[in-house]
There are 2 protein chains.
Amino acid sequence: MKNSKNPPDVTAEQKILISAREIFHKKGFEGARMQEIADKAGINKALLHYYYRSKEKLFDAVFAEALKTLIPKVKELLDAELPLFDKIKYFTDNYIKLLMENMYLPVFVIYELFQNPEKILSKFTEKSNFTPSVFIAQIRKSVKNKEIKKTDPRQLFINLMSLCIYPIIAKPLIMKIYDLNEQGFNRFINQRKKEIPEFIINSIKINKNSSSNGKK
Amino acid sequence: MKNSKNPPDVTAEQKILISAREIFHKKGFEGARMQEIADKAGINKALLHYYYRSKEKLFDAVFAEALKTLIPKVKELLDAELPLFDKIKYFTDNYIKLLMENMYLPVFVIYELFQNPEKILSKFTEKSNFTPSVFIAQIRKSVKNKEIKKTDPRQLFINLMSLCIYPIIAKPLIMKIYDLNEQGFNRFINQRKKEIPEFIINSIKINKNSSSNGKK
DNA sequence: GTCTATAACTCGATAGAC
DNA sequence: GTCTATCGAGTTATAGAC
């Protein structure tokens, strides 16, 4: 047990990436220190530069990794073969779970993207496709089949994302305004896992007992 | 027209705060440079330290100002004397307008709060009350009067905030996934001003033509 | 109050031994 | 590959003239 900060039997390069991820996620590019990353990895600062040439390149590796695990995960959840209402429940539950296990991830991604959108996104040109096309198509089809009200699929997708992500990135504010401790906050979020799908489905479902429906 | 970066006839102290606000909002505490703030204010760096003793104190002034304009503004909108559905429309419209005019503000507040919740929030103990008590009470009353479905007021308030704020802080992502330019993004947000109230009201309104309602 | 000059320090990066 | 030692740029903060 010479160094318990990282699992044993991993290469120095892996140790660096693991530590860098943790530090960058928590403190952002500007707030992170190469020294701190090295310390956490249990290696020397010079080794960081040996494997990754600069702080910026190390950051790029961490950010690319974040986006390339986040986007496919969202897609995977949204591409599940489920009826629309079930999928909304399934997505909410699993996405919130993912975010709660990586508390710093959403603020990190949002903040760094805001700092430098073009620089960062230019690296994801042809590569991974960001558009949730399967989910969008499913919504469109549900509208067409009169299973749900007339709804803009793009807006509905952002609604779903908003309701899941915002409460987590606003954690400190929510704890303050509702006077919650850590445990109370967790309860609040768990309650949301139920509330969000109900809230969305209530909004878009077609009300069977009324005459003609859909807006306009 | 000796210096057009700031309005004339303002004291140096005011010029500093105005410039500091702009730089800190855009770049955060770690990313901001005292030199850049001084340049933008059109004064010397030493003067920053003359008026505000340190970078941290200057930042605190900017952050306190941000919270102390944001929170009362939210309260003011939520305390308007309007029926619930009208208020939801009124709030959405004006709050999104406010955020669009201060694009960097929400990410700034969220990010810095996440970096240092206890340090920052400890300064707002007795002072301004964060809880939107009037709005919460109004929702509770509407539920009691069977004007809307049984709804947790705390969750509904966060839903409203989520739907307004998230799309703005996720601007770079939304532009990417929907392939929008600046103008297209503005259209998307303007569309939301209509969509959000409809979305929320559809969800909570009691459906008149069906037998008995409310969950449970 | 406002400026110039500079001290004191932090941090990313590199040289060079092993 | 990994380390120690150190350079050099950049940053906050201050001393001191005006």
Side-chain angles (χ1 to χ4, degrees), chain A residues 1-64 108 112 115-116 119-120, chain B residues 1-64 108 112 115-116 119-120:
Chain A
M1 49 172 273
K2 51 193 283 236
N3 190 332
S4 60
K5 284 165 195 157
N6 258 326
D9 292 355
V10 289
T11 68
E13 191 171 2
Q14 289 171 318
K15 285 199 243 177
I16 292 172
L17 196 62
I18 293 170
S19 307
R21 183 193 306 145
E22 192 174 332
I23 304 289
F24 277 131
H25 283 195
K26 260 194 208 160
K27 315 209 168 174
F29 177 77
E30 294 286 355
R33 296 289 167 258
M34 295 296 265
Q35 184 62 62
E36 199 180 355
I37 294 172
D39 290 348
K40 185 170 286 276
I43 54 139
N44 192 276
K45 206 173 42 156
L47 218 49
L48 298 187
H49 289 90
Y50 175 78
Y51 284 107
Y52 303 84
R53 276 169 39 88
S54 65
K55 183 184 182 184
E56 198 174 341
K57 288 211 171 26
L58 180 53
F59 174 84
D60 288 348
V62 169
F63 195 90
F108 169 70
E112 299 296 342
Q115 292 299 311
N116 238 322
K119 182 205 147 204
I120 290 182
Chain B
M1 53 169 273
K2 51 193 283 236
N3 190 333
S4 60
K5 283 166 197 157
N6 257 328
D9 292 354
V10 288
T11 68
E13 191 170 3
Q14 289 171 317
K15 285 200 244 176
I16 292 171
L17 196 62
I18 292 170
S19 306
R21 183 193 306 148
E22 191 173 332
I23 303 289
F24 277 130
H25 283 194
K26 260 192 210 162
K27 315 210 168 172
F29 178 77
E30 295 285 356
R33 295 289 167 257
M34 295 296 265
Q35 184 63 62
E36 198 180 354
I37 294 173
D39 290 348
K40 184 169 287 274
I43 53 137
N44 192 277
K45 209 175 34 160
L47 219 48
L48 299 186
H49 289 90
Y50 175 79
Y51 285 106
Y52 304 84
R53 276 169 39 88
S54 65
K55 182 183 181 183
E56 197 174 341
K57 288 212 172 25
L58 179 53
F59 174 84
D60 288 348
V62 169
F63 195 90
F108 169 70
E112 299 296 343
Q115 291 298 309
N116 238 323
K119 183 206 147 203
I120 290 182

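FYI, side chains are in, hydrogens and waters are out, and symmetry mates aren't considered; it's all heavy atoms of this structure. Lettering follows sequence order; numbering is per chain, from 1.
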In whole angstroms, the gap separating P of D:dT4 from CG of A:Leu47 amounts to 11 Å

Counting only N and O atoms by type, is there a donor-acceptor contact under 3.5 Å from the side chain of B:Glu36 to the main-chain atoms of B:Ala20? no

Keeping the roles fixed (side chain from A:Lys55, backbone from A:Ala32), state whether a donor-acceptor pair exists under 3.5 Å. yes

When every nucleotide of nucleotides 11-18 of chain C is labelled 5' to 3' by its protein contacts under 4.0 Å (heavy atoms), B for base, S for sugar-phosphate only, - for none, what sequence of letters results? SBBBB---

With distance as the sole test, does B:Glu13 use its side chain to make a donor-acceptor pair with the main-chain N or O of B:Tyr51 at under 3.5 Å? no

If I take atom CD in residue A:Glu13 and atom P in nucleotide D:dG1, what distance separates them, rounded to the nearest angstrom? 9 Å

Separation of D:dT2 C1' from A:Lys15 NZ (nearest whole Å): 11 Å

Expressed as a whole number of angstroms, how long is the span from B:Phe59:CZ to D:dA13:P? 14 Å

For B:Thr11, is there any backbone N or O sitting under 3.5 Å from a side-chain donor or acceptor partner on B:Gln14? yes

With under 30° as parallel and over 60° as perpendicular, where do the rings of B:Phe59 and B:Phe108 fit, or are they tilted in between? perpendicular

Just how far, in rounded Å, is P of D:dC3 from CD1 of A:Ile43? 7 Å

Any luck finding a side-chain donor-acceptor pair between B:Asp39 and B:Gln35 under 3.5 Å? yes

To the nearest angstrom, how far is B:Leu48 atom CG from C:dT4 atom C1'? 15 Å

